[in-house]
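Just below is one structure, and these are the notes that go with it.
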Amino acid sequence: MSMTPDTSRRWQMLAITAAILYVFWLLAPVLMPFAVAAMLAYLGDPLADRLQRLGMGRTLAVSIVFIVLLLVTVGALILLIPLISRQIDNLVENMPRYVDWARNTALPWVQAKLHLDPSAFDSDRLIQQIKDHLGSIGNAASVVLGKISRSSVGVILWLTNMVLVPVVAFYLLRDWDRLVAWIDRMLPRSIEPTVAHLAREADSVLGAFVRGQLLVMLALGIFYGVALTLMGLSVGPLIGMIAGLLSFVPYLGFIVGFGSALIAALVQYGDWTHVLLVGGIFLVGQLLEGYVLVPQLVGDKIGLHPVAVIFAVLAGGYLFGFLGVLLALPAASVILVLLRYLAERYRQSDLYMEEGQGDPVLTEVDVVVDTPQGEVETRTVVDEKGNKKDAVPPP
């Protein structure tokens with residue numbers, strides 16, 4: 001059976017799309033620097049366009065944006081690395097207090113409340129495992145660098161990625177408009193209007209998500225870190241940064257940050273006053289996120305359900321590793337645009353609009369019957385063999 005030209009064209013486009021996705025899947029292990037560079041270029045393109053509208057050339061505008069991004073990144077690293085190092089050292093130094101609290105306070109309380117056999121908990125082995133894992137955090141960087149230094153290939157790959165990200169980001173940012181125009185020219189003319197419309201919608205959603213969510217994460221990290229520090233918590237800045245970074249997954253930053261701060265407050269102070277202060281800080285943080293930050297910075301254009309966000313992150317990590325986690329939510333927001341478009345097409349299709357002829361197997365007939373007690377409405381069901389069955393509604 002010969003295919004029509006329209007069907008043949010659709011199969012060709014499907015094959016090209018599948019081939020492109022397969023190539024990306026094969027190259028996923030080496031796409032990390034390019035994905036990071038593309039994200040930086042996407043974030044910097046609106047600012048470069050604005051500078052161009054002020055009369056600057058594209059190269060000069062991109063150079064200014066690139067220098068600003070580089071200074072912000074380097075400044076953040078200079079500020080954060082010593083702070084994180086001090087916080088980890090502080091955590092390691094206070095580890096005996098956490099161990100003592102877990103052994104003498106937390107575990108006995110759990111055993112008493114749940115009526116567990118004390119021999120069911122091997123506290124010494126559990127505490128030793130916690131100490132081993134947390135103690136390794138302080139020298140994690142030296143371990144990684146040691147492994148890299150023992151492998152010349154690892155050193156070359158690491159240095160190449162470090163150099164590739166800014167270089168690729170600069171060239172992508174400089175030629176961003178050309179790249180978009182080239183992709184537009186290469187699209188089949190029959191689908192170009194639809195793809196252009198979906199691209200504008202996806203750009204709106206991505207702009208709302210990427211720029212807005214980064215600001216939400218930064219604001220929450222600063223709020224939690226400053227509030228916990230003012231409360232007097234020694235590891236407050238570290239907990240605040242972790243809670244802010246994890247806030248892109250709904251409730252994950254709150255759960256991890258609140259649990260960590262609660263344990264730290266119990267160990268450091270051991271009273272209900274500071275426990276209530278921790279609860280108040282995270283309650284204010286949730287209200288700030290839900291009613292101020294997200295509506296103002298992100299808006300309601302994304303519309304991703306929390307379950308969909310969690311699934312996207314887990315699926316991206318399973319399929320593509322850290323690259324998948326990094327791109328999970330932007331990809332999910334683009335998929336959401338496509339699903340909205342497909343749903344609208346479905347609602348306008350004959351499959352949805354055409355009314356049915358009724359079920360040929362069953363036919364329902366409503367009958368009103370006069371009885372000594374009054375009128376009773378019955379429903380007679382007639383099947384295809386002509387058998388009848390009366391279903392009388394309860395009074």
Side-chain angles (χ1 to χ4, degrees), residues 36 39-40 43 69-95 97-98 130 133-145 165 209-269 274-275 277-290 292-294 296-298 309-310 313 317 322 325-326 328-329:
V36 175
M39 291 182 63
L40 293 176
L43 290 173
L69 289 176
L70 188 62
L71 291 177
V72 170
T73 304
V74 172
L77 291 176
I78 291 175
L79 291 175
L80 291 178
I81 289 178
L83 177 62
I84 295 174
S85 178
R86 289 195 299 269
Q87 288 292 296
I88 292 177
D89 291 340
N90 184 17
L91 180 64
V92 174
E93 289 177 1
N94 288 289
M95 188 55 58
R97 297 174 58 187
Y98 289 95
I130 295 175
H133 286 291
L134 291 180
S136 63
I137 296 177
N139 60 351
S142 60
V143 173
V144 172
L145 292 176
V165 170
F209 170 75
V210 176
R211 301 179 184 94
Q213 191 62 42
L214 287 177
L215 291 176
V216 170
M217 292 165 58
L218 179 63
L220 286 177
I222 293 175
F223 170 77
Y224 287 135
V226 171
L228 294 175
T229 302
L230 292 177
M231 194 193 79
L233 209 59
S234 61
V235 291
L238 181 62
I239 294 176
M241 284 185 290
I242 294 174
L245 288 175
L246 296 179
S247 62
F248 73 96
V249 178
Y251 306 112
L252 180 61
F254 168 77
I255 293 173
V256 174
F258 178 70
S260 303
L262 191 64
I263 293 174
L266 287 172
V267 173
Q268 185 171 339
Y269 296 102
H274 289 85
V275 170
L277 285 176
V278 169
I281 289 172
F282 279 88
L283 177 61
V284 172
Q286 283 296 290
L287 295 176
L288 185 65
E289 179 184 6
V292 179
L293 295 177
V294 172
Q296 295 296 325
L297 299 177
V298 179
V309 173
I310 297 172
V313 173
F322 182 72
V325 175
L326 188 67
L329 295 187

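All residue numbers refer to positions in the sequence shown, counting from 1.
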Anything under 3.5 Å between a donor and an acceptor, one on a side chain of residues 218-229, the other on a protein residue two or more places apart or in another chain? List them.
unit_1: T229; atom_1: OG1; unit_2: G225; atom_2: O; d: 2.6

Rounded to the nearest 0.5 Å, what's the gap from CG on L43 to CG on L69? Could you check?
7.5 Å
Interatomic distance, F258 atom CZ to L283 atom CG [nearest 0.5 angstrom]
9.5 Å
Got L40 and V165 here, is their nearest side-chain heavy-atom distance under 4.5 Å?
yes
With rounding to the nearest 0.5 Å, note down the distance linking CD1 in I281 to CG in L277.
6.0 Å
Sequence-distant partners of L245, side chain to side chain contact (heavy atoms under 4.5 Å, CB included), two or more places apart
M217
Name all pairs fulfilling the side chain to side chain donor-acceptor pair (under 3.5 Å) condition that reach into residues 278-290, sequence neighbours left out, sorted by first residue then second.
Q286-E289
Side chain to side chain contact (heavy atoms under 4.5 Å, CB included) involving V235 - partner list, sequence neighbours excluded
Q87, N90, L91, Y98, I239, A264
What class does the angle between the rings of Y269 and H274 fall in, given that below 30° is parallel, 30 to 60° is tilted and above 60° is perpendicular?
parallel
Minimum heavy-atom separation for G257 to A243, with atom names?
CA-CB, 4.0 Å
From L233 atom CG to L262 atom CG, the distance as rounded to the nearest 0.5 Å
10.0 Å
With sequence neighbours excluded, residues passing side chain to side chain contact (heavy atoms under 4.5 Å, CB included) with V74
L70, I78
